[in-house]
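Following: one structure in structure tokens, then a few remarks.
Note that this is a predicted model, so its numbers are computed, not measured. Below, chain A is the first sequence line, B the second, and so on; all start at residue 1.
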Amino acid sequence: MAIEKIFKDDATEEKGERARMSSFVGAIAITDLVKTTLGPKGMDKILQSTGRGHGVTVTNDGATILKSLHIDNPAAKVLIDISKVQDDEVGDGTTSVVVLAGELLREAEKLVASKIHPMTIISGYRMAAECARNALLQRVVDNKENAEKFKSDLMKIAKTTLSSKILSQDKEHFAQLAVEAVMRLKGSTNLEAIQIIKKPGGSLKDSFLDEGFILDKKIGLGQPKRIENAKILVANTAMDTDKVKIYGARVRVDSMSKVAEIEGAEKEKMREKVQKIIAHGINCFVNRQLIYNFPEELFADAGILAIEHADFDGIERLALVTGGEIASTFDNPESVKIGHCKLIEEIMIGEDKLIHFSGVEMGQACTIVLRGASHHVLDEAERSLHDALCVLSQTVNDTRVLLGGGWPEMVMAKEVDELARKTPGKKSHAIEAFSRALVAIPTIIADNAGLDSADLVAQLRAAHHTEGCNAGIDVISGSVGDMAELGISESFKVKQAVLLSATEAAEMILRVDEIITCAPRQREDRM
Amino acid sequence: MALAFDEYGRPFIILKEQDQKTRLRGIDAQKANISAGKAVARILRTSLGPKGMDKILQSPDGDVTITNDGATILEQMDVDNQIAKLMVELSRSQDYEIGDGTTGVVVMAGALLEQAERLLERGIHPIRIAEGYEMASRIAVEHLEHISQKFDFGTTNIEPLVQTCMTTLSSKIVNRCKRHLAEISVKAVLSVADLERKDVNLDMIKVEGKVGGKLEDTELIYGITVDKDMSHPQMPKQIEDAKIAILTCPFEPPKPKTKHKVDIDTVEKFQTLRLQEQKYFDDMVQKCKDVGATLVICQWGFDDEANHLLMHRNLPAVRWVGGVELELIAIATGGRIVPRFQELTPEKLGRAGLVREKSFGTTKDKMLYIEHCANSRAVTIFIRGGNKMMIEETKRSIHDALCVARNLIRNNSIVYGGGSAEISCSIAVEAAADKYPGVEQYAIRAFADALDSVPMALAENSGLQPIETLSAVKSQQIKENNPHNGIDCNDVGTNDMRQQDVFETLIGKQQQILLATQVVKMILKIDDVISPSDY
């Protein structure tokens, strides 16, 4: 009697070697895909969406690339997931983490082929990862005490991060922007307070950091275009027709005159509301919701600048920077906190008019205005800047810093190699493999830069055998250079996250010996 | 399908649309069923033990689950065969009852079926096999009782509990920090356990996960976490000695259930209505303030105006909190859930030492921690991990560990793991077999062989020579008369599970044997499978 089918319809099952093979192949394919974007000379990818308009994105941000891919291979999905998490947690290193995990799997594949049990490989990898982390911990530099030095550390990190992105041409400029913006946050990681406004036109060099706050809105007609010593009321309230909120209420009238009366009452109500708002002694009113013409006119009459329909984030930020509170009722003017700023004026960036709040009370927030030739450039610039800001804000909290340019990988590889020599048993093969996977990263960086990677990495390895060496790959001159002198730094937190998540992901994929795929749910074809 | 004919040659129609149904009967049916059951067991076999492998399961929507938890694998496998479904049920009932050993029970059932197939080929009647199995399982369960040990633990001495949880966790991906997680699980269970009644309400332990950080950052919070933030961005992020009003009514004007209309036809009415509305909002907030609440947790949303009024009166609030969480908060803080503002009284407020908002990573993820509650019996295990799948798998592993700890509190008997209990039972059953006259003797022997298959799978998965290792351990057990010898999966160097500190709960093991026997009996008794043909 033949075994009957146990699975439903089209469910498929892959076992043992085949399952492992399919996950290795999937993971390595993903790695090869993003590999070329690694490092300062990494290339970009064009992503075209299948949605309407076939929107195009040009990027070299690992997380962005992977996010947009439609992948069917389960192991590949694991890698995409770790890259996303890396993005959420530390913001940078999204490509490195995938490449490292992929290289670990590539090495593991060889070991499995030479009949080493995956569990042995896993325990070897774990030991190696722990050892690598300790090696990094020993070599970190912490300049928390010295503010001057710390700032230069931040500058270096920002420059290193930006150098692999589209902004690398003006990295000095943007690093300055990013560091200043993050320093203003004073240790908070709330990047919400940094607003990025993109305006096409001009060149990337024209981008600037504004200490105040810029709201992408126009000032109502007939209202003052410039207010000094502004008192700002930030509100979230209906300024169209104020609905009666009691459920089931409706207006029922029997004659035209009654309609007019009710209308009058409504108008009166609105006028009262406006009066109450004006009674706060303000000269600028920012509302999240719409402001109809009638109240707007009233505000104009009172010489108050009324800004309508500021989006929710804008409101929150504005409240944050001006020190006011978001108000929805206006009966107690004395206890509502009103925001202050020195000057509100309308400014022009390119062709657009924006409202500029300067001299704000709380120095925390700021705005970065990005200029660039096209939307694609701006989008990519924003992503790059976001990465830099994330890394910086994380570094402010965890001030430990490492050198960059493949230096940390070489340091780890050396320590791990030493561990392999000391470890008896089959695990040592796995530990050795781990060190090879680590070395793969500087190799790829060199390859991407069109350098002779074999030669460079060998030189690097030799250089690292002297104690306290700072050698890394200097992509610009194409040789081994002193990373401390070149000022290439990376955040310890990022490196640690890369190391740990990559090992975790590799481990997870290695443990699998069977893949059961259910039949995909039938969907109607949307094309 | 064979049709019966009457004397005129007309077929009798017994089943509706008889010719469209497939039917298997007699020995064929039994064999088909057994092979289906075995196929399921074979899938799980490689997941057993500390060196067991994981499976990737891809759902119809393309979501990926990576796990080695037997119940989870079977549940997501999308099984079609009826007998295979029985096996899925089997693993599920072990999960509900005990929470751990879901893989083992299926492997055991598979082995029993395999043995039964051989006996069937020899022409032994299925019912006799079933009866033999039944007797054997009784012997095995009694023997387990015999070799089990009781151990003592108290709130101060949690070490034995931690060790047992570690045994459970060692087969999962989280075994890297099993010690840490085992301690968390045990502490969590102990803090909600009622040691007098020997009962643990696992509902009081909430397991939450957030992607990011590392596994080592997983922590036990004596309180509740809620995946929400304060309703107004400018409300205080930290409240000490909070008095919490737990509301299930929205901060909005009431919506009476009966149909009604409020007609406005004059200006006066319009104005009174407006005033009333304002007063209504004011009243709501005032009532909360009057009873002395310093934090409002609400199941529903707030109107913008109410939100601002709350902010204005310095009354922080949280909105859109789910029903389950609301209940947990109520239990933890000792408060009462209040459905109407009118019913708010100071006694109904919950108390917590500290309520704080915590943000994670670079995205705007915020969570609310409610700690140092009046009634600290509700706890939360907060898991961090590299990716979503990791967190999900950790959740499942922690669930298993929690169940094991709970079982131990209910019944503090343990048996030793690593296959030692199975081997010992197998020896006992084998020895007892000779005492039974009749055909059942064969079935009992077969049962003993089936028991061997669990340690065999363990050895196989650990990369040892299965037959060699098993026979060595078995002879050692008999020679030393020591039921604690098992398979040395982790290559520690000793076979004595007492030295390795590998424990399992007695009830878990007993349940495994009983459930597996029951299901196998049920499968053996089937001699006719009628299924509608595919259309």
Contacting region of A:Ile515 [heavy-atom separation from chain B under 4.5 Å]: both

Which portion of A:Ile122 sits near chain B, non-hydrogen atoms under 4.5 angstrom: neither

Reported CD-to-CG distance for the pair A:Glu514 and B:Leu57, which is rounded to 0.5 angstrom: 8.5 Å

Contacts of type side chain to side chain contact (heavy atoms under 4.5 Å, CB included), residue B:Thr46, not counting sequence neighbours: A:Asp513, B:Lys55, B:Asn461

A:Glu268, part contacting chain B, at a heavy-atom distance under 4.5 Å: neither

Salt bridge (Lys or Arg N to Asp or Glu O under 4.0 Å) partners for B:Lys51, two or more places apart: none

Where B:Gly52 and A:Met119 come nearest, the two heavy atoms and their spacing: O-CE, 3.0 Å

Atom of A:Ala75, atom of B:Ile56 and distance for their closest heavy-atom approach: N-CD1, 4.3 Å

Smallest separation among heavy atoms of A:Arg511 and B:Lys172, with atom names: NH2-C, 3.5 Å

Interatomic distance, B:Met390 atom CE to A:Met508 atom CE [nearest 0.5 angstrom]: 5.5 Å

For B:Met53 against A:Leu510, the heavy-atom pair lying closest together: CE-O, 3.6 Å

Selection from B:Asn68, B:Asp54, B:Asp63, B:Thr67 maximising heavy-atom pairs under 4.5 Å formed with chain A: B:Asp54

B:Lys178 NZ: over 12 foreign heavy atoms closer than 6.0 Å: yes

Option that, when pairs with chain B are counted at under 4.5 Å, heavy atom only, ranks first among A:Ile509, A:Val97, A:Thr120, A:Val78: A:Val78

Among B:Thr65, B:Ile66, B:Val64, the one residue meeting side-chain contact (heavy atoms from CB on, under 4.5 Å) with A:Pro74: B:Val64

